[in-house]
Amino acid sequence: MIDLRSDTVTRPTQAMRDVMAAAPVGDDVWGDDPSVKQLEELAADMSGMEAAIFAASGTQTNLIALLCHCQRGDEYLVGQTAHTYKYEGGGAAVLGSIQPQPINNEVDGSIALENILAAIKPDDIHFAKSRLLCLENTTGGKILPLDYIDAATRLASEHGLSNHLDGARVFNASVELGIDVKEITQYFDSVSICLSKGLGAPVGSVLCGSKELIKEAHRWRKMLGGGMRQAGIIAAAGIYVLENNVKRLKEDHENAAILGKELAKIPQLDVDLEYLHTNMVFLKSSEGDFSALSHFLEQQGILIDARYTARLVCHLDISREDILTTIAAIQEFYK
Ligand SMILES: *Cc1c(COP(=O)(O)O)cnc(C)c1O
C-alpha cells in the first residue's frame with residue numbers, strides 16, 4: 001500500500017521496535033520512568049523550554065496547555081481552521097469551560113493582526129477574559145513566517161495574553177526553513193509537538209513550557225486519565241524519532257514538491273503550489289469531488305484523503321518510487 005492519507009500512518013521500523021523493547025521503564029505517575037524523563041529532557045532541550053511532559057496525543061497536550069493557561073470563563077483566540085478549535089471535539093469548552101474565540105485564517109494560514117486585536121476583549125463584565133493566543137505551525141502544511149509569529153505573539157503579550165503553539169508539525173517548518181526549531185518556539189510560552197506525525201513514532205506528543213506550567217500540566221494530565229505507567233516503552237520511540245527522524249523530513253518535502261509539480265501539469269487539477277511548503281499536497285478538481293479518483297487509486301494500492309479537496313501527505317513510509325508510481329496512476333486516471 002502507498003498510504004498518502006496522512007503522516008500519522010507510519011509504522012515503527014525494526015530499529016525503533018528494538019529500542020522500545022530494550023527501554024528501561026518505571027512508573028511514570030510516580031515520576032520513576034527513566035525513558036519518559038529522558039524524552040522530556042530531550043524535548044525541552046530541543047525546544048528551548050525549561051521542561052516538558054509526555055502525553056498520549058497532540059489533542060491531549062493541546063488540551064492540557066489550554067487548561068494550564070486558561071481558567072473557567074477565560075477564552076483563547078484561535079484560527080477558525082485550527083486543530084485546537086475545529087478538530088479536538090470542543091475539548092477546551094467541554095472539559096475546561098474555556099470559550100474559544102475562533103478567528104478567520106488568511107490564505108497563508110495566519111490570523112491577521114487587526115483581527116487578533118479586534119478579538120481581544122476589554123476588561124468588562126460582559127466578556128469572557130481573553131487569556132491566550134493559539135497559533136498553529138505548520139498549518140495545512142503551510143509555514144507561518146517568522147516575522148508574523150513575532151508580531152502576533154508580541155501583540156498578544158502586550159495585551160496580557162499568553163501564547164501557545166500547536167506545533168504538531170513544527171519540525172517540518174524548522175527543517176524546511178533551515179533553522180533551529182528554537183527560532184520558532186522562542187516566541188511561545190508553550191508548544192505542543194507530535195511525535196507520531198511525520199517523525200514516525202507510533203504514539204505520543206510532548207508539551208514543552210516553563211517548569212511551573214509543566215508542573216501544573218502533570219495535574220491536568222492525571223485528571224484527564226493520561227497518567228501512564230511504564231510509558232517508557234512508547235517514550236523510547238519518541239527519543240528515537242527526535243534523534244533520527246527530524247532532518248529527514250526534508251525528503252518528505254522534496255517528494256511533496258515533485259508530486260505537486262507533476263500533478264499541476266494535469267489540466268483537470270488545481271494544485272496549490274504557492275503554499276506547498278512542506279509535506280502536504282492539496283488538490284482541487286474541475287470535475288468536482290475526488291471519489292472516482294480515490295476509488296481508482298485504491299484498486300492500485302494507493303490511498304488518499306479525498307473529499308471536496310484531496311490531500312496527499314508525504315512521510316517516512318513514502319519513497320521517491322512511491323511518488324513516481326502515484327504520479328503515473330493519477331496521470332492515467334485523467335488521460
Ligand atoms: C495531528 C494534530 C494534532 C494532534 O493530533 P493527535 O491525533 O491527537 O495526536 C494537533 N494539531 C495538529 C495541527 C495536528 O495536525
Side-chain angles (χ1 to χ4, degrees), residues 3-12 39 43 47 52-67 69 76 78-92 94-95 100 102 105 108-111 132-144 149 163-174 176 181 184-185 188 190-209 217 220-221 224-226 228 231 234-235 237-238 241-242 245 249 252-253 256 275 277-282 305 309 311-316:
D3 194 342
L4 294 157
R5 290 173 302 167
S6 175
D7 49 9
T8 56
V9 301
T10 56
R11 310 281 170 89
L39 169 62
S47 64
I53 185 170
F54 179 50
S57 68
T59 299
Q60 195 172 67
T61 44
N62 278 327
L63 177 58
I64 292 170
L66 288 162
L67 290 165
H69 287 291
Y76 68 112
V78 62
Q80 190 74 244
T81 60
H83 204 279
T84 41
Y85 172 61
K86 194 173 175 186
Y87 299 98
E88 295 181 4
V94 174
L95 302 169
N105 291 90
D108 67 357
S110 69
I111 308 171
L132 181 73
L133 173 66
C134 187
L135 297 179
E136 181 172 303
N137 195 21
T138 60
T139 182
K142 296 175 245 193
I143 300 174
L144 295 182
I149 296 175
N163 291 288
H164 172 68
L165 176 65
D166 179 357
R169 298 186 179 85
V170 70
F171 282 113
N172 291 85
S174 66
E176 185 57 32
V181 77
I184 301 174
T185 55
F188 296 91
S190 57
V191 53
S192 160
I193 303 172
C194 281
L195 304 167
S196 62
K197 298 276 165 82
L199 292 178
V203 192
S205 283
V206 282
L207 175 66
C208 310
W220 287 120
R221 186 185 68 175
L224 294 172
M228 299 183 283
I234 49 176
V241 304
L242 287 177
N245 292 349
L249 291 170
D252 302 337
H253 304 172
Y275 291 110
H277 293 164
T278 58
N279 65 331
M280 294 185 190
V281 181
F282 288 92
D305 181 16
T309 55
R311 187 182 76 159
L312 286 71
V313 187
C314 298
H315 53 76
L316 196 56

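In this text, all values refer to a predicted model and were calculated from it rather than measured experimentally. If you read the sequence from its start, that first residue is 1, and numbering goes on from there. Just follow the structure's listing: the first ligand is 1, and inside any ligand the first atom is 1. Computed from heavy atoms alone, side chains included, the values below leave out hydrogens, waters and symmetry copies.
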**Student:** Looking at every non-hydrogen atom in both residues, tell me the closest pair between L165 and V170 and how far apart they are.
**Tutor:**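 Closest heavy-atom pair between L165 and V170: CD2-CG2, 3.9 Å.
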
**Student:** Return the minimal non-hydrogen interatomic distance between A65 and H164, and the atom names on each side.
**Tutor:**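 Heavy atoms of A65 and H164 come nearest at CB-CE1, 3.4 Å.
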
**Student:** Using a strict 4.0 Å cut-off to heavy atoms of S57, name the atoms of ligand 1 that fall inside it.
**Tutor:**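 What qualifies from ligand 1 is 8 (O), 9 (O).
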
**Student:** What do you reckon, does S196 have a nitrogen or oxygen under 3.5 Å from a nitrogen or oxygen of ligand 1?
**Tutor:**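 No.
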
**Student:** Of all the atoms in ligand 1, which lie at a distance below 4.0 Å from a heavy atom belonging to T59?
**Tutor:**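 Ligand 1 atoms under the 4.0 Å threshold to T59: 4 (C), 5 (O), 6 (P), 8 (O).
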
**Student:** Which option, M280, E136, H83, owns the non-hydrogen atom nearest atom 5 (O) of ligand 1?
**Tutor:**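 Closest candidate by heavy-atom distance is H83.
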
**Student:** For G58, take its heavy atoms, then give the atoms of ligand 1 lying under 4.0 Å from any of them.
**Tutor:**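 Near G58, the atoms of ligand 1 are 4 (C), 6 (P), 8 (O), 9 (O).
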
**Student:** Which ligand 1 atoms, with their elements, are less than 4.0 angstrom from a heavy-atom of E88?
**Tutor:**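 It comes down to these atoms of ligand 1: 10 (C).
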
**Student:** For ligand 1, which atoms sit closer than 4.0 Å to a heavy atom of R169?
**Tutor:**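 Ligand 1 atoms under the 4.0 Å threshold to R169: 15 (O).
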
**Student:** Would you mind telling me which of N279, N172, T278 makes a side chain to side chain donor-acceptor pair (under 3.5 Å) with H253?
**Tutor:**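 It is N172, the one option of N279, N172, T278 that forms the side chain to side chain donor-acceptor pair (under 3.5 Å) with H253.
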
**Student:** Just verifying a value: how many Å separate I184 CD1 and L144 CG, rounded to the nearest 0.5 Å?
**Tutor:**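 If I round to the nearest 0.5 Å, the distance is 9.0 Å.
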
**Student:** F54 versus L195: any side-chain heavy-atom pair under 4.5 Å?
**Tutor:**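 Counting from C-beta outward, F54 and L195 do come under 4.5 Å.
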
**Student:** What protein heavy atom sits nearest atom 11 (N) of ligand 1, and how far away is it?
**Tutor:**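 I find the closest protein heavy atom is D166 OD2, 2.6 Å.
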
**Student:** So Y275 and H277, would you call those rings parallel, tilted or perpendicular, with 30° and 60° as cut-offs?
**Tutor:**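 Answer is perpendicular, since the angle exceeds 60°.
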
**Student:** Counting only heavy atoms closer than 4.0 Å, does ligand 1 sit against the backbone of T8, its side chain, both, or neither?
**Tutor:**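 Within the 4.0 Å criterion, T8 makes no contact with ligand 1.
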
**Student:** Checking T84 against N62: is there a side-chain donor and acceptor pair closer than 3.5 Å?
**Tutor:**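 Looking only at side-chain atoms, T84 and N62 do not form any donor-acceptor pair under 3.5 Å.
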
**Student:** Just to be sure I read this right, does ligand 1 sit under 4.0 Å from the backbone of K197, its side chain, both, or neither, counting only heavy atoms?
**Tutor:**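 Side chain only.
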
**Student:** Between A55 and I64, which heavy-atom pair has the shortest distance, and what is it?
**Tutor:**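 What the structure gives for the nearest pair is CB-CD1, 4.5 Å.
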
**Student:** Which bit of C194 gets closer than 4.0 Å to ligand 1, counting heavy atoms only: side chain, backbone, both or neither?
**Tutor:**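 It is the side chain that touches ligand 1; the backbone stays farther off.
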
